[in-house]
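These notes concern the structure reproduced below.
Reminder, nothing fancy here: chain letters follow the sequence lines and each chain counts from 1.
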Amino acid sequence: MFEARLTAGSMLKKITDAMKDLVTEANFDCSSTGISLQAMDSSHVSLVALLLRADGFDHFRCDRNLQLGINLGSMAKVLKCCNNDDIVTLKADDNADAMTFMFENQTQDRISDFELKLMDIDSEHLGIPDTDYKAMISMPAGEFQRICRDLQILGDTVTIAVGKDGVKFSVSGEMGSGNMTIRQNTSVDTKEEEQVTIEMEEPVTLNFALRYLNFFTKATPLSGTVCLQLSKDVPLVVEYAMPDLGHVRYYLAPKIEDEA
Amino acid sequence: MPTEEIRGALLSWYETHRRRLPWRGDSPPYNGSTAGSNSNKLGATSPAVLPGEGNTGQGHHDATSPVSAYGVWVSEIMCQQTRIEAVIPYWLAWMKAFPTVEALAAASEDEVNSRWAGLGFYRRARMLHDGSKQVVEEFNGELPQTVDDLMRLKGVGRYTAGAIASIFFGVPAPIVDGNVLRVFSRLCAISAHVKEPAFCGDGKLAWSLAQQLVEGSDGSRAGELNQALMELGATLCAPDGSGIDTRDPLRDFYKSTKIGRDALRAHSDGALPGLLAHAHQGVFKCRACGKGAPDFLQSLQKMAESTPQGPTAADKVATQVHAALPLPLAKKAKREERLVIAALFACDGDKESTSWLLVKRPEEGLLAGQWEFPNVQVAMDTASDTVDPGAAARAAAFETMMSDLGIDVSSLEGRTAVASEVEHIFSHVRHTMHIEYALVLRRNDAVEEGVPWNCHGRMMCWMNLERMTEVGVTAGVKKVISAVHEHRNPTAKPRGGNKRKKDLSVEAGQSKLSSFFTKKVT
């Protein structure tokens with residue numbers, strides 16, 4: 001028996017929206033410690049990892065480890081029927097072929113429940129090695145979203161260069177080229193959610209496909225800040241932390257420049 | 001027509017530039033493609049491969065099959081109306097399944113059909129099958145060596161007979177196909193279209209020209225000459241051939257390009273009207289109709305007049321005239337047919353054994369004797385697009401069809417119409433299909449899966465996918481099945497299905513996560 005209750009139903013909506021464009025279907029792995037999910041996009045270039053801790057829910061029960069295969073597009077559709085301030089309860093029996101979504105409004109005078117059929121999804125789980133990243137940037141999530149969106153106008157590939165004077169996002173295409181530089185900004189009169197911190201052990205420069213980054217920024221509503229981690233020749237990590245609940249993390253393989 | 005010079009040019013070109021094809025006894029890799037043979041890009045020419053050269057260094061996949069009269073026959077039948085690159089895998093599989101005439105004659109109709117499935121024009125497979133039985137019964141299992149005897153075989157006409165006789169037995173028999181017609185039309189400036197009886201008819205102009213060529217030099221190397229002629233027509237003398245390409249062995253012999261240059265010269269001398277008025281006296285004389293066809297002369301005048309003077313003008317007009325031959329056929333509109341398809345399936349518990357109700361088409365006409373979904377035509381038009389009669393009319397047609405098949409509509413479960421139309425195009429007919437699918441609950445228990453039964457004079461059968469592969473269903477049936485699957489379960493597409501792949505195609509230089517993260521064994 002699996003049962004999880006979340007007062008902030010809108011969170012579940014935002015989480016689903018943050019993943020559904022990148023992966024169409026995924027397995028939710030439920031255990032007594034919480035819910036986790038790992039899935040790659042169809043081209044195996046990027047990966048999304050979700051963690052929702054048991055103690056982040058108002059009520060959480062999972063007697064046996066369960067793997068719930070869900071089509072995220074369908075889940076998003078079901079969640080459209082959930083108002084932002086509804087309380088959501090997820091339920092599944094141990095051998096269930098469907099997951100139940102129950103939505104209750106604050107005054108508990110309207111209750112709706114939906115059943116979503118489960119799917120058998122053969123997913124490849126990747127072991128992600130512990131990496132000592134050479135650069136870590138934390139910045140307002142909205143700012144990162146804007147950068148990715150704006151730079152895509154000019155080209156497909158962004159070069160992220162972390163140096164001592166800041167982080168430079170640059171792009172060049174047929175039309176022209178552009179750069180956006182973000183500097184550390186931790187003065188006391190900056191609001192916390194507008195702060196930019198850059199921790200760098202050594203300079204890093206890597207290229208990434210903007211298309212995937214723009215998929216990642218669908219998670220912007222989840223968190224005020226986003227954290228980027230980079231090291232030479234390893235995938236970039238983009239993390240949206242949800243305080244007290246967990247995180248959505250994305251990994252993106254870099255583009256390797258032609259030798260020629 | 002300077003026979004000997006043309007023969008020499010063709011044969012020496014063929015020796016160095018012929019395509020590598022399995023039925024010519026070549027080993028892989030094969031290059032059946034004709035694409036790009038007329039593009040001007042460097043490297044578009046396929047490298048000359050001398051026979052035997054390809055064997056060095058790649059002995060590990062030396063799958064050469066010996067050249068046989070039977071193999072040539074199969075290849076000729078398969079290549080009718082079909083691109084060579086599409087034929088190669090079918091030919092290899094066919095020769096593996098039926099290595100000899102005897103093996104083919106002994107095979108069942110279903111086996112033969114399944115090997116042909118996907119190639120289209122299924123009548124060819126039946127003719128080949130019937131012909132192989134004839135060879136076994138009437139000719140002791142040996143293919144006859146003369147054109148006349150070969151023509152007694154089912155499905156073998158003058159062309160195929162000539163091809164087998166010349167290619168395998170070295171008989172100097174002429175062969176004429178569309179490619180050869182084009183070469184002759186340009187070589188001799190025959191301003192006719194390829195369906196003109198005086199040009200392509202049996203024993204008419206094209207055949208006598210082909211005979212003249214193949215019988216030159218005492219008829220030696222007849223097979224190579226015929227193949228050279230056809231191959232030139234498929235490559236450098238394809239419809240987009242320029243006629244002035246330096247790689248073209250016949251470029252000095254084309255009358256088409258000469259006419260173009262003559263007309264341009266006459267135009268600059270102001271003598272064009274006179275030349276055109278007395279076309280039957282000059283080089284313009286068409287050997288098919290005795291004079292230049294009016295349409296051709298008109299377009300010739302336009303080409304000569306509209307080309308601006310300049311150093312390349314002569315080449316331009318020459319190429320234009322070359323491309324204008326043979327004359328284009330009057331476009332025949334495709335017949336449009338709108339069909340309602342009944343895709344009825346029955347499940348036995350698990351999804352794997354879904355079987356579908358198929359009926360056999362009549363033994364005559366389009367797709368003769370092939371299995372298909374029950375269907376009914378709701379609209380037909382020879383000129384323009386058919387009009388959709390509307391959902392209600394389609395549903396009514398479906399119900400009539402069901403009662404014809406003896407199926408109670410009320411016994412169908414989950415009857416659904418696929419919203420989008422599915423199109424399937426044949427050479428002369430276009431089918432627009434509206435698919436309705438439903439689960440049949442009470443299956444007639446007297447009927448076993450895979451066993452056909454007779455219903456009002458038509459054979460019907462429940463078939464699962466396995467059985468369908470055995471009997472070989474047409475591409476149209478497969479299209480319907482995948483449309484139904486798609487509609488029932490939009491996400492149950494094959495992993496990495498086309499659509500998604502398109503969305504996230506991997507660009508050059510993009511690395512994959514698997515180069516960084518290792519797969520976890522669970």
**Q.** B/L513 to A/V45 - nearest heavy-atom pair and separation
**A.** CG-O, 3.2 Å

**Q.** Those residues that, when tested against B/E423, pass salt bridge (charged side-chain N to carboxylate O under 4.0 Å, His left out) (two or more places apart)
**A.** B/R430

Q.
Is it true that, when you exclude A/K134 itself, more than 12 heavy atoms of the residues, nucleotides or ligands shown sit nearer than 6.0 Å to its NZ?
A. yes

Q. Is it the case that more than 12 heavy atoms not belonging to B/K478 sit under 6.0 Å from its NZ atom?
A. yes

Q. Looking at CD of B/Q510 and OG1 of A/T157, how far apart are the two atoms once the value is rounded to the nearest 0.5 Å?
A. 8.0 Å

(Q) Distance check, rounded to the nearest 0.5 Å: A/N207 atom CG versus B/S511 atom OG? (A) 10.5 Å

**Q.** Top contributor to chain B contacts, counting heavy-atom pairs under 4.5 Å, from A/T131, A/D233, A/I128
**A.** A/I128

Q | Within 6.0 angstrom of B/R115 CZ, more than 12 heavy atoms from elsewhere | A | no

Q | Near-ring test B/F516/A/Y251, centroid separation under 6.0 angstrom | A | no

Q. Is atom CG of A/D97 surrounded by more than 12 heavy atoms (other residues, nucleotides or ligands) closer than 6.0 Å?
A. no

